[in-house]
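The block underneath contains the structure these notes are about, expressed in C-alpha cells.
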Amino acid sequence: MVLYSLFQGDFVVQEYKLHIGGESRDSATGETFDNINPATLENLATVQVAGSEDVDRAVEAAEEGFRVWSEVPAPRRAEVLFRTARILQERKEDLARLMTEEMGKVLPETRGDVQEAIDIAIYAAGEGRRMFGETTTSELKDKFCMTVLRPIGVVGMITPWNFPLAIPGWKIMPALIAGNAIVFKPASDTPLLAIKLVEILMEAGLPPGVVNLVTGPGGSTGKAIVQHPRIKAISFTGSLETGKWIMEECAKTMKRVSLELGGKNPVIIMDDADLELALEGVLWGAFGTTGQRCTATSRLILHEKIKDEFTARLLAKTKLLRVGNGLLPETDIGPIINKAQLEKIERYVRIGMEEGATLLLGGKAIDPGLPGYFFEPTVFTDVRPDMRIAQEEIFGPVLSIITVSGLEEAIEVANNTRYGLSSAIYTENVGKAFRAVKKIEAGITYVNAPTIGAEVHLPFGGVKGTGNGFREAGTEAIKEFTEIKAVYIDYSGRLQRAQIDME
Ligand code: NAP
C-alpha cells in the first residue's frame, strides 16, 4: 500500500494509499495527513484522506467481498485468521516497535497490544467450528425448531488510537469469522498499524473486498461511514460524545450500532487490604499506557483508616516513575498522544485546583529531552465525588483520591459517575469482595487486581454511559456481528396453526 518513500532528514517518510477491493487506491480527495510520533514529533508516514466518494467505493467493494466471503464455510474462514495470527506472531517485535513510535506507549505494553490481536485472531478462528445456534421443541407435532446465525453484511468499524491493533482485532476477527465484510476507519493518530493489519490479513489469504481501509478524519471519513445507507451496522470504540452522535445518526438508517465508550474507573482499597499489592495495582492501573486506557484507574477510593499511609507510599513510588521515550527500557510512562490531549489534561489540572482539590504531585507538562508531549504522573487528594475531576474522563496520568469511611460509602462513590466500564476492589474479606461484585455498576469488576487487564475470552464492555449493551471479545463478540434467525421445519404434511391447533 506504499505509494512512495521520501527521505526527510534521517527518516524515510512513506505515503500510504487507501485499501479498497484488494487494491491500493488513491483517494478521490487528493488530500493527505501526517502520522506524527508523539515522543519525537517526527513524521512517520503520510496517509490519504478518504472522502465520501472513497467510502462509496469501499462499500461497493465490501458488498462484492461479502458475496464471496459469506459463502465460505466458517471453518475455512478460520484458516485465514489462524494464518493472520501466525504472521502477527512472526512480526510481533517489529509491530510493537512501530506502535511505540506511532502512539507512544512503552514497548512491553505495545508487545501486549500485538499479543491481544494474536489472541483474538486465534480465539475467533476457534469460534469458526462452533457458531452454535439452538435446537428446541415445538408446541406442535412433527415440527422442528432451531436458530441459526447469519452474518449482518457490510459492517463499518471506527476505532481509537490507544490500542491500535488490539481494538481493531477485537472487532475485525469476530466479524470476519461470522462472514461479514468490513469498511474500517482507524483513528487518525494511528493509521499505520491499521494499514499493517490489513496488509497482514491480505497476506493471510483474505479475498479482495472483505476488509477495506479508509483513512481520514472522523468528522468527514468517519461521518460518511456512519451515514452510509448500505452499511448495515457500525461498531464504534471512542468517546462518549462521538458515540452519542453516532447512535443518533444510526437511528436514521436503522443501523445496528455497538458502542464501547469512556470510563471513570474506580479502585476501592479497604482497610484490610494487602497494601503492597494494592499499591502495585494502583500504579499500573493509573499510569500504565500514560493513563490513556478506557479502563485506566482514575479514581482511588481509600478507606479513611489507611488513607495517610497508602497516600504516602503511593507518592513515594509514583515519584520513581520515569517519563520518556517508550522505546527505552528504563521508561515507565510514554508520551501523551497529541497536543490537544496534552492541553486537555492541563485544563483538568487547573479545574481540579479551582474546585479545591489538593495537588500532591505532578500537574505539569515535562521535557524529558524530547520535543514530544509528555506529562508528569499527577495525584490529587481531597477530591469530592461531585468534582469534575472525579466525574469526567481526563484520559491521562491523573489520579484523584477520594476518602470514605466504609464499604457502602465506597460503592456509592464508585457508582456516582455516568460511566460504568471497569472497577476494582482490594480487600482480604471475601464477603466485602462479593458485595462489591454485586453492587458496583460496571461491566468489569476485579478483586485484588487493577482495573486494567482484560482477557480476550471474556466479554468486554460497560454499562451506563460506557456502552449500549453490547460486549466485545468472548462469545458475545459473535453476537455483535451476527443476526439470529429462527427456523421452523414442519414435517407433519398438514397446516398446523401455532396457538390455535392445541390438540
Ligand atoms: P474519539 O474522538 O471519539 O475518536 C474515536 C474514533 O472516532 C476515531 O477514529 C475518530 O477519528 C472517530 N470519530 C471522531 N468523530 C467522529 C464522527 N463524527 N463520526 C465518525 N467517527 C468519528 O475518541 P478518542 O479521543 O480518539 O479516543 C479516546 C476515547 O475512546 C476515550 O473516551 C476512551 O475511553 C475511549 N475508549 C473506549 C474503549 C472501550 O472499549 N470502552 C477502548 C479504548 C478507548 P479521528 O481519529 O480521525 O478523530
Side-chain angles (χ1 to χ4, degrees), residues 33-36 47-50 52 55 102-103 105 113 116 156-171 183-191 193-194 213-228 231 234-250 255 257-265 289-298 336-338 340-342 344-345 392-396 417-422 442-444 451-452 454 456 459-473 476-477 480:
F33 63 100
D34 291 340
N35 181 212
I36 302 296
V47 183
Q48 301 211 344
V49 172
S52 55
V55 172
E102 189 176 40
M103 58 71 69
K105 64 187 174 187
D113 195 310
E116 213 165 328
M157 295 183 177
I158 300 174
T159 55
W161 45 265
N162 59 343
F163 283 83
L165 275 186
I167 291 179
W170 281 15
K171 296 182 188 301
V183 176
F184 168 34
K185 190 207 97 64
S188 297
D189 284 309
T190 50
L193 263 295
L213 179 76
V214 285
T215 44
S220 54
T221 315
K223 185 175 170 190
I225 292 174
V226 171
Q227 294 181 331
H228 203 286
I231 290 182
I234 296 289
S235 178
F236 172 76
T237 300
S239 63
L240 175 60
E241 290 66 32
T242 311
K244 275 185 183 169
W245 179 82
I246 288 178
M247 198 163 174
E248 282 173 26
E249 284 302 304
C250 285
K255 281 187 185 65
V257 54
S258 61
L259 303 173
E260 291 297 338
L261 310 174
K264 192 70 190 171
N265 312 290
T289 325
T290 322
Q292 301 175 115
R293 281 193 188 222
C294 50
T295 52
T297 307
S298 51
I336 304 297
I337 187 69
N338 56 37
Q341 187 55 29
L342 184 87
K344 178 178 170 193
I345 298 166
E392 296 171 22
E393 190 180 43
I394 300 173
F395 224 58
T417 71
R418 60 180 171 165
Y419 296 108
L421 181 52
S422 189
I444 307 167
T451 57
I452 63 182
V456 301
F460 182 91
V463 302
K464 303 196 286 188
T466 294
N468 62 340
F470 283 93
R471 293 289 184 275
E472 299 204 307
E476 292 298 307
E480 184 184 353

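Computed from a predicted structure; not experimentally measured. Counting convention: from 1, in listed order, for ligands and their atoms alike. Both backbone and side-chain heavy atoms feed into the values below; hydrogens, waters and symmetry mates do not.
Atoms of ligand 1 found under 4.0 Å from any heavy atom of Pro217, numbered from 1 in the order shown, are 47 (O). Atoms of ligand 1 found under 4.0 Å from any heavy atom of Ser188, numbered from 1 in the order shown, are 45 (P), 46 (O), 47 (O). The atoms of ligand 1 that sit less than 4.0 Å from any heavy atom of Gly216 are 47 (O). Listed by number with element, the atoms of ligand 1 under 4.0 Å from a non-hydrogen atom of Gly222 are 19 (N), 20 (C), 21 (N). Ligand 1 places these atoms under 4.0 Å from at least one heavy atom of Leu421: 41 (N). Taking every non-hydrogen atom of Ile158 and a distance limit under 4.0 Å, the qualifying atoms of ligand 1 come out as 6 (C), 7 (O), 9 (O), 12 (C), 20 (C), 21 (N). Of all atoms in ligand 1, listed by their number and element, those nearer than 4.0 Å to a heavy atom of Pro160 are 27 (O), 43 (C), 44 (C).
Under the 3.5 Å distance criterion, the side-chain polar atoms of Glu393 are matched with a main-chain donor or acceptor of Gly263. Of the possible polar contacts, one joining the Asn265 side chain to the Ala296 backbone as a donor-acceptor pair under 3.5 Å is found. Checked by atom type and distance alone, the side chain of Gln292 pairs as donor or acceptor with a backbone atom of Ile337 at under 3.5 Å. Of the possible donor and acceptor atoms, none in the side chain of Asn35 sits under 3.5 Å from a partner among the backbone N and O of Thr190. For Thr451 (side chain) and Thr295 (main-chain N/O), a donor-acceptor pair under 3.5 Å exists by modelled atom type. A donor-acceptor pair under 3.5 Å is formed between the side chain of Gln341 and the backbone N or O of Ile394. For the pair Lys105 (side chain) and Asn162 (backbone), a donor-acceptor distance under 3.5 Å is present. Here the side chain of Thr466 pairs a donor or acceptor atom with the backbone of Gly262 at under 3.5 angstrom. A donor-acceptor distance shorter than 3.5 angstrom exists from the side chain of Glu102 to the backbone of Leu193, with no hydrogens or angles considered.
Among all protein heavy atoms, the one lying closest to atom 37 (C) of ligand 1 is Leu261 O, 3.0 Å. Protein heavy atom closest to atom 35 (C) of ligand 1, with residue, atom name and distance, is Gly238 O, 3.2 Å. Protein heavy atom nearest atom 36 (N) of ligand 1, with residue, atom name and distance: Cys294 CB, 3.5 Å. Of all protein heavy atoms, the one closest to atom 23 (O) of ligand 1 is Ser239 N, 3.4 Å. Counting protein heavy atoms only, atom 40 (O) of ligand 1 is closest to Phe460 CE2, 3.1 Å. Thr242 CG2, 3.3 Å is the protein heavy atom nearest to atom 16 (C) of ligand 1. The nearest heavy-atom contact from the protein to atom 11 (O) of ligand 1 is Lys185 NZ, 3.0 Å.
Counting heavy atoms closer than 4.0 Å to ligand 1, residue Thr237 contributes atoms from both its backbone and its side chain. With a 4.0 Å heavy-atom cut-off, ligand 1 is reached by the side chain of Asn162 but not by its N, CA, C or O. Only the side chain of Trp245 comes within 4.0 Å of ligand 1, judged by heavy-atom distances. Counting heavy atoms closer than 4.0 Å to ligand 1, residue Glu393 contributes side-chain atoms (C-beta onward) but none from N, CA, C or O. The side chain of Ile167, and not its backbone, has at least one atom closer than 4.0 Å to an atom of ligand 1 (non-hydrogen atoms only; side chain from C-beta on).
In this structure the side chain of Phe395 never reaches within 4.5 angstrom of the side chain of Ile345, judged on heavy atoms. Looking only at side-chain heavy atoms (C-beta outward), Trp245 and Lys223 come within less than 4.5 Å of each other. Between Ile167 and Pro160 the shortest side-chain heavy-atom distance falls below 4.5 Å.
Thr221 and Lys185 share no donor-acceptor pair across their side chains, judged by distance under 3.5 Å alone.
At a 3.5 angstrom cut-off on N or O pairs, Asp189 does not count as close to ligand 1. Taking only nitrogen or oxygen atoms, main chain and side chain alike, Thr159 reaches within less than 3.5 Å of ligand 1.
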Passes side chain to side chain contact (heavy atoms under 4.5 Å, CB included), Tyr419 versus Leu240? Steps please. CA-CA 9 Å; Tyr419 296 108; Leu240 175 60; 3.9 Å; yes
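Distances from atom 4 (O) of ligand 1 to the protein include no heavy-atom value under 4.0 Å.
Taking only non-hydrogen atoms, the option from Gly218, Gly262, Ser422, Gly467 nearest to atom 48 (O) of ligand 1 is Gly218. Between atom 33 (C) of ligand 1 and the options Phe33, Phe395, Phe236, Trp161, the minimum heavy-atom separation is to Phe395.
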